[in-house]
Structures are given as structure tokens and as C-alpha cells.
Amino acid sequence: MNTLISVDNLQKNYGDATALRGISFNVEVSELTVIIGPSGCGKSTLLRCLNGLELFDSGRVMIGDITLELNNGATQRDLNTQLRHLREEVGMVFQSFNLFPHLTALENATLAPVVVKKVDRKTAEARARELLAKVGLGDRLDYYPSQLSGGQQQRAAIARALAMSPKVMLYDEPTSALDPGLVGEVLSIMRRLDDEGMTQVVVTHEMHFARDVADKVLVLADGELIESGSPDVIFTSPRDERTRTFLQRYL
Amino acid sequence: MKKTALLSALIIAAWFSVQLSLDAHEPNELRWGGDAEGGAPYVFPDPKNPRQIVGYEVDLMNEIGRLLNRRAVFVQNQWDGLIPGLQRGNYDVAINGIEITDDRKQQVNFTIPYYATGEQLSVRVEENTINSLADLKGKTAGTLKYSLAQRILEREGGIRIRTYDGQINAYEDLANGRLDAVLMDWPIAIYYSKPNPRLKFAGPVIEQMKYGICVRRDNIELLKQIDRALLSLIKSGELRRIYEKWGLWNDETERVFAQITADSQKQGEALADYTQAVTRKLTWRERLKQYASYLPILLFQGAPMTLLISILGMTVAVAFGLALALMNLYGPRLVSWLAKAYVELFRGTPLLIQLYLIFYGLPNIGIKLSPLVAAVVGLGLNYAAYEAENYRAGIQSIPRGQMEAALSLGMTRGQSLRHVIVPQAMRLVIPPVTNDFISLFKDSSIVSVITMVELTKVYGQLASTYYDYIGVGILTAAIYFLMGLPFVRLARWAEARMATDKRVAVTAKRRWFGVGAKPVGG
Ligand SMILES: Nc1ncnc2c1ncn2[C@@H]1O[C@H](COP(=O)(O)OP(=O)(O)O)[C@@H](O)[C@H]1O
Ligand SMILES: [Mg+2]
């Protein structure tokens with residue numbers, strides 16, 4: 001197997017409070033990893049550390065051939081460049097979509113390739129069209145985010161992230177802001193991407209999805225990784241008491 | 001019903017009593033209006049004791065008071081408002097180098113002349129090509145606004161004219177090269193130009209003008225009394241002694257006084273009558289015709305300049321304001337601090353002072369701006385402070401997730417600002433920025449103080465020429481109003497669009513309430 005992400009003893013503090021207490025795990029290429037855990041346990045923080053939206057206090061994150069490590073003597077400038085390279089390889093999907101409201105769906109998915117990768121506009125648009133069609137928005141190209149439903153917005157956000165051709169996609173509770181009826185359309189896209197071999201890390205409370213699709217499940221509690229393994233093991237015979245309590249509420 | 005009637009009666013009574021008490025000066029006071037800001041040698045604060053007002057006209061009024069057995073009391077009044085002030089009854093007479101002209105004779109009665117002089121041209125010491133008005137073609141000349149000198153320069157034609165509120169600024173601009181010549185009443189030139197080693201007189205005195213004391217037209221009795229007093233001061237040589245003391249005795253005055261003495265033998269009492277020149281009151285039709293003739297002057301001389309200054313000023317304000325907001329929010333600490341300090345400084349000090357500093361202060365350190373550039377820079381720098389705050393509020397109200405989404409796509413902070421944050425903020429601030437433009441448009445009237453000829457300045461010139469502050473004033477205000485109307489419309493339209501446009505509706509609601517998340521730090 002081929003390791004794409006390697007997290008080693010990651011620690012993150014907010015002032016005096018510790019959000020992550022030494023987390024280590026690997027993500028293999030083409031795997032879909034699901035992270036679960038009670039609210040406030042540090043799932044979002046962990047995900048945001050993986051693409052440098054949060055800087056961590058100690059430990060190491062390796063994604064592909066990029067290694068993030070603080071206190072390695074890098075200047076702020078080097079760090080910024082490194083973070084930008086990292087983010088080009090890592091796509092991020094937010095709970096609240098965060099589409100750019102002043103741009104159409106097509107423009108949302110075209111902006112970053114043109115600005116960051118200097119792809120020429122025509123090529124970028126063709127690719128964006130293709131991706132939007134793939135997520136079922138082929139007929140909504142010129143719609144502004146406010147004219148789209150929540151599910152459509154989240155699918156557009158996924159297309160926007162895919163337009164940068166990332167090596168891995170991160171999702172932070174991508175369906176939590178959606179009406180129950182619209183959850184399925186977003187989950188099915190992640191499922192399809194999994195079939196195509198995309199590496200994905202998904203924070204979610206959709207346990208059925210986790211059980212059906214995940215290759216690996218990580219359970220977080222109080223900033224610690226308390227358990228990890230295949231969904232069969234985690235959902236049928238969890239070792240940790242806290243995992244059991246948590247799962248009872250969601251299953 | 002009864003109550004309202006009672007109340008209005010009370011108010012009217014109160015008003016009358018206030019009016020009466022205002023008018024109830026001591027009868028043995030002779031109140032005379034002048035402008036001590038006009039400077040030496042007329043009426044000015046004593047340099048040795050600034051609370052004391054001195055000048056040859058102070059001496060003259062004290063002498064007249066003595067002869068009339070009344071105590072002469074000085075009343076300060078803006079120079080170009082001296083005659084309106086007299087009409088309103090703020091004082092009994094007005095005197096301050098006011099030239100006897102036919103225009104003014106329609107408004108007030110003049111006493112016999114108490115002084116005669118002319119206009120003196122001043123140039124820089126090294127200047128040898130300018131010796132007369134004719135040499136001024138294509139050059140720039142300065143003078144006091146609404147003065148005889150201004151009319152002489154206008155009549156000559158082909159001269160760029162700058163008009164000033166005070167002689168000091170005019171001579172200063174001559175010395176530092178902004179002007180090629182200055183034309184002023186000779187007494188002013190004697191006191192302000194002659195002592196300046198960088199300046200010299202060019203050519204002899206031009207034209208003759210006579211100063212007279214203004215008296216309300218219904219006050220014939222006082223006019224006769226003052227004429228008699230003046231005559232006796234002229235005959236006794238007392239007046240000549242005053243002028244000699246101030247170094248102002250000249251040939252013109254000598255000739256005029258000789259003439260007056262000669263005439264007085266023949267005419268006696270008839271002297272007062274000539275000043276009682278009959279003036280027709282204008283009919284409504286004539287008045288309307290007159291206003292119609294002002295319109296093109298206001299519309300073509302004043303309005304385009306006002307519009308130009310406003311648009312250029314706002315462009316500077318919007319561009320610089322955005323830069324300030326970005327420096328404030330995203331710059332390194334020192335830069336951010338500087339931007340904040342700038343905003344506080346420019347919002348916390350009067351625009352008028354800023355304009356004076358830019359126009360009259362900067363030349364001292366070698367920066368000489370033309371009036372137009374100074375006006376645009378002054379308004380632009382001032383309004384930039386307000387626009388910076390608009391943009392800051394706008395940018396801060398963009399949800400934090402927008403910056404995070406942009407960064408997570410690999411954009412730099414600068415790219416995120418340029419393509420994601422600022423375009424959204426721009427839309428949010430359209431209504432407040434349009435409103436500010438309307439304010440700036442009206443504030444632009446203030447640049448008339450730095451010799452800029454725009455709508456308000458043209459108004460001042462027309463009003464003071466025809467002594468009609470109300471009619472021309474209403475006309476000018478109407479022009480401002482009509483020119484501002486499209487922008488008021490635009491502001492309303494933008495605001496309405498903001499409220500209905502779904503694209504930005506969500507974020508628009510949050511602005512002004514400070515709910516917006518802090519911009520992403522680090
Ligand atoms: N910006 C922040 N400042 C301070 N504390 C934070 C911040 N973000 C998250 N936290 C804290 O870190 C912990 C983990 O938060 P988070 O990663 O958002 O949890 P989850 O996503 O699992 O609900 C929580 O206790 C939360 O209060
Ligand atoms: Mg979370």
C-alpha cells in the first residue's frame with residue numbers, strides 16, 4: 001500500500017486549552033477515511049491542520065512529498081509558500097459550503113485554477129463545466145450560489161475543490177447543514193469519487209455512510225484518537241467505552 | 001385653537017422684544033462697521049496689543065465721533081458683508097476702504113470722499129518684463145476678491161486671475177512664484193508689498209478710486225452730519241495729519257481735497273443731495289430677467305468645475321480609502337497603526353484647515369500645487385479617511401469562511417483579497433460611498449477659499465456685485481440640488497438593490513452591526 005498522508009504526534013493548543021493531544025495516523029492512497037466523535041472533540045481542528053488553515057504546536061504532517069513541521073527554522077515566507085503548495089494538493093469542503101456569492105457556479109469552479117495555476121480561462125472553464133456536470137449541475141452553470149439549494153451548493157463546492165485536481169479531498173461535516181432530503185445527493189458524489197480512486201478524509205455523523213463506504217474509521221474523543229480500524233470492527237465490537245456510548249446515540 | 005393663538009402671540013412678542021433690545025443702542029454711540037481681518041493700514045489689531053483696534057480709519061472715525069459728540073464704537077463684520085450688515089442695522093455706518101461706485105450707490109449713500117488712491121502693481125524683484133497691465137497678457141495675476149482691482153484685471157482681458165480673501169496669501173503666492181503679479185489698492189501695497197525684499201512695485205498707480213463712508217439711504221440726517229464733519233476735518237488739515245502719520249498722504253487725495261474745498265464754497269448744503277441719487281426699484285419682470293442672465297454664468301463657469309472637482313476628489317478618496325482599509329486590516333503592525341492614525345487625524349480635523357495647510361502651507365516646504373490639484377488632493381485625502389472606514393466595515397462583514405475557502409484553494413492572501421473579499425466588500429459599500437459622494441459634492445464649495453473658481457465662488461462674485469445674496473443664493477442652491485439629484489437617486493437605487501439582491505443579501509444584513517467575523521489573522 002501507498003501512504004499519502006502521515007500524521008505524527010500532532011498537538012494543537014488554543015491558549016491554555018488543548019484541542020489535539022498527540023494524534024498519529026496514516027491515510028493510504030485511494031482510501032476513504034471517516035472521522036467520527038462527539039462535538040468539540042477536535043475533528044474540525046484536525047482537518048484544518050491537514051491543509052494549514054490552523055498551525056499546530058508540535059508534531060508533523062506529511063502529505064505526498066510535503067512535510068509540515070513547525071520550529072524547523074523555516075521563515076514565515078518559506079512557510080507560506082509551503083502552505084500554498086500543500087493547499088494546491090488538498091481540496092477542502094466546508095460544512096457551510098463557503099461558495100463565493102458574487103460568482104456563478106461556473107466562475108466559482110474556474111477562479112482558483114486561473115488565479116493559482118495560471119491555467120488559461122478557456123481550458124479552466126471546460127474543465128469546470130465537466131466537473132459541474134459530473135456533480136449534476138450541468139444545467140446550473142450560470143446560477144449564483146443564492147439561487148441554488150443547499151445540496152446543489154455543496155456539490156458546486158465539491159466541484160470547485162476538484163477543479164484544482166487535488167491528491168486528497170477533506171470534508172468537514174459536508175451534509176450537516178443540509179435538509180435530510182438533500183443529504184443523499186452529496187454522499188453519493190463522495191461514493192462515486194471513492195469508486196474512481198480519490199483519496200478522501202470525511203468528518204461526518206452519517207454512520208450508515210461510514211459503515212458502507214469507509215475503508216477506515218477514526219474515533220476522536222477529547223482531542224485524542226481513541227480508536228481506529230475498519231468500520232466492521234468499530235461498529236460491531238468497539239474496544240473503548242466512549243466509542244460505545246457515542247455510537248449508541250447515532251445508530 | 002386658543003392655545004395656539006396665544007402661543008404664537010407670545011412668540012411674536014418675544015421676537016419683537018429681542019429685536020428692540022438689539023436695536024436699542026445708546027443714542028450717543030456712533031457704531032461703525034469694518035473688517036479688522038482686512039489688515040493694515042485701514043482697521044487692524046494693534047500688533048503691540050492685539051485687543052486694541054488701530055488704523056487710519058479708526059483715527060478718522062474717532063475724529064468724526066468727537067465732532068458729532070458721539071462715542072465711535074467699532075463693530076467687526078466680514079468685509080464682503082459690510083453693506084448687507086449696514087442694511088440690517090448692525091451699525092450706523094460702514095467704512096473700510098469701500099470705493100465709491102455706481103453699483104454701491106444703488107444700495108447705500110456715500111459721504112463725500114475721505115481718501116483717494118489707485119491700484120498698484122507688484123512683481124517679484126527679479127521680474128523686469130512686467131511694467132504695466134498690458135504686460136500681463138497670458139500671465140497669472142492675483143488680487144482680493146470682489147475688489148476694483150479684480151474688475152480692472154477682468155476688463156484688461158487675457159490675464160489668468162486668482163482672487164484671494166487676504167493680501168498676505170496673495171503676496172506670498174507672488175513671492176513663491178505661483179503668481180506673476182499682484183494688483184492691490186495702493187495703501188495695501190505700501191504696507192504689505194513694499195516692505196517685502198522679494199517684491200517691488202511695477203509702474204505707477206493705475207486708475208483713481210475714492211473711498212467713502214456708507215450710510216443707510218433712510219438716514220439722510222446722519223449723512224449730512226458726517227459730510228459736515230469730514231469737510232471741517234479736511235479744511236482744518238486734521239485729516240491730512242492723520243494720513244501723514246500713517247504715511248498715506250498722496251497726490252490724489254490732495255487733489256480731491258482741494259476740489260472738495262472749492263466746491264463747498266459754492267454748493268454748501270447741496271453736497272448731501274448728490275449722494276441721494278434716485279434709484280429705481282427693479283420690477284419683478286426685470287428681476288427675473290436679471291436672474292436669467294446669471295444662469296449661464298453659474299452653469300457654465302461654476303457648475304462644471306464643481307462637478308470635476310467632486311468626481312476627481314471622490315476617485316482619489318475611493319482608491320486611497322481602499323488602500324488605507326487594507327493597510328489597516330492586513331498590514332504589518334506599524335503600517336496598520338499608520339493607517340489608523342491617518343483616519344483619526346483626517347476625520348478629527350476640519351477640512352478647511354487641511355485645505356489651507358495643503359495650499360498655503362506646503363509651498364513653504366517646496367510643494368506648490370495648483371488650486372485644482374490642491375482642491376482634489378484636499379477633498380480626496382479628507383474623504384479617503386471616511387471611505388477607509390466604509391471599506392473596513394465592509395471587509396469585516398464578509399464571513400471568515402470566504403477567506404478560508406480562498407486560502408484552501410491555494411490562493412495567496414493577496415489573491416484572496418483581490419478576487420474574493422474586496423469584490424464582495426465593494427458591493428456592500430456602494431450605498432454609503434454614494435452617500436459620501438453627495439456630501440463631498442456639497443463640501444466642494446469650501447475650495448472657493450483656495451482661489452478655486454467653482455459654483456460657490458461664482459455665487460459670491462455675483463451676489464456681491466449685485467448685493468443680492470438671497471436671489472442668487474436660491475439660484476445657486478437649486479443648481480447644487482439639481483446636480484446632486486442623480487447621485488441621490490443612484491444611492492437609493494443601490495440601497496434598494498442591496499436589499500433585494502439575493503447574491504449579497506445575506507452578508508448585507510450583517511454589515512453595520514459589527515457581527516462580521518474578524519478577518520483571518522496570522
Ligand atoms: N479558534 C478557536 N479558538 C479557541 N478554541 C477553539 C477554536 N476552534 C476550536 N476550539 C476548541 O477546540 C476544541 C475542538 O474544536 P473542533 O475541532 O471545532 O471540534 P469538532 O469539530 O470536533 O466539533 C473545542 O473545545 C473548541 O472549543
Ligand atoms: Mg466541527
Side-chain angles (χ1 to χ4, degrees), chain A residues 44 47-48 50-55 76-77 79-104 107-118 143-148 153 156-157 160-166 169-172 177, chain B residues 322 330-335 391 394-431 494 497-511 515-522:
Chain A
S44 296
L47 224 49
R48 292 161 62 84
L50 293 187
N51 78 343
L53 279 181
E54 297 286 357
L55 296 181
Q76 185 67 43
R77 216 191 150 82
L79 183 65
N80 284 344
T81 320
Q82 208 177 16
L83 284 177
R84 262 203 323 280
H85 288 317
L86 177 77
R87 288 173 187 147
E88 284 184 46
E89 316 252 284
V90 180
M92 179 94 174
V93 175
F94 301 88
Q95 181 177 343
S96 52
F97 326 138
N98 295 350
L99 283 172
F100 305 135
H102 61 300
L103 302 179
T104 62
E107 289 163 344
N108 262 278
T110 315
L111 181 64
V114 170
V115 168
V116 178
K117 292 198 160 161
K118 316 291 178 208
Y143 283 48
Y144 285 96
S146 61
Q147 298 167 317
L148 299 173
Q153 286 189 58
R160 175 177 72 177
L162 290 173
M164 288 295 285
S165 311
M169 290 282 284
L170 310 178
Y171 303 81
D172 190 0
Chain B
L322 178 58
Y330 301 104
R333 188 172 306 180
L334 178 69
V335 173
Y391 279 119
I395 290 172
Q396 284 186 325
S397 70
I398 307 294
R400 183 197 179 107
Q402 290 292 310
M403 177 60 103
E404 294 191 343
L407 290 177
S408 74
L409 286 166
M411 292 191 213
T412 63
R413 187 169 294 276
Q415 289 167 336
S416 311
L417 285 174
R418 166 143 176 246
H419 297 286
V420 175
I421 306 298
V422 171
Q424 292 184 54
M426 288 279 213
R427 286 173 168 77
L428 286 181
V429 302
I430 289 174
R497 193 183 133 98
M498 216 38 86
T500 53
D501 188 345
K502 289 201 199 101
R503 271 196 262 166
V504 286
V506 188
T507 41
K509 267 186 226 148
R510 284 181 228 198
R511 68 194 192 120
V515 183
K518 265 191 160 170
V520 191

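Proteins come first, then strands; the chains are lettered A, B, ... in the order of their sequence lines, and each starts at number 1.
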K.L.:
From the options B:L409, B:T412, B:L407, select the one residue that forms a side chain to side chain contact (heavy atoms under 4.5 Å, CB included) with A:R84.
P.N.:
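Exactly one option meets the side chain to side chain contact (heavy atoms under 4.5 Å, CB included) with A:R84, and it is B:T412.
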K.L.:
Using 0.5 Å steps for rounding, measure from the CG atom of A:L103 to the CD atom of B:Q424.
P.N.:
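Output value for this atom pair is 7.5 Å.
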K.L.:
Is the backbone N or O of B:S408 less than 3.5 Å from a side-chain atom of A:N51, with the two atoms forming a donor-acceptor pair by type?
P.N.:
no
K.L.:
Chain B heavy atoms under 4.5 Å from A:F100: which part of the residue, side chain, backbone, both or neither?
P.N.:
both
K.L.:
Answer yes or no: is there a donor N or O on one side and an acceptor on the other, between the side chain of B:H419 and the main chain of A:A112, under 3.5 Å?
P.N.:
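The answer is no, because no donor-acceptor pair under 3.5 Å joins these two groups.
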K.L.:
Run the side-chain contact (heavy atoms from CB on, under 4.5 Å) check on A:L111 and B:M411 step by step: do they pass?
P.N.:
CA-CA 10 Å; A:L111 181 64; B:M411 292 191 213; 3.4 Å; yes
K.L.:
Measuring heavy-atom distances to chain B, does A:V93 have an atom under 4.5 Å in its side chain, in its backbone, in both, or in neither?
P.N.:
neither
K.L.:
Using non-hydrogen atoms only, which part of A:R48 is less than 4.5 Å away from chain B: side chain, backbone, both, or neither?
P.N.:
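The side chain, not the backbone.
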K.L.:
Does any backbone or side-chain atom of A:L99 lie under 4.5 Å from a heavy atom of chain B? Answer side chain, backbone, both or neither.
P.N.:
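Only the backbone of A:L99 comes within 4.5 Å of chain B.
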K.L.:
Please name the pair of heavy atoms, one in A:H102 and one in B:P423, separated by the smallest distance, quoted to 0.1 Å.
P.N.:
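Heavy atoms of A:H102 and B:P423 come nearest at CD2-CB, 3.7 Å.
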K.L.:
To the closest 0.5 Å, what do you measure between CD (B:E404) and OG (A:S96)?
P.N.:
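Nearest 0.5 Å value for the CD-OG distance: 8.5 Å.
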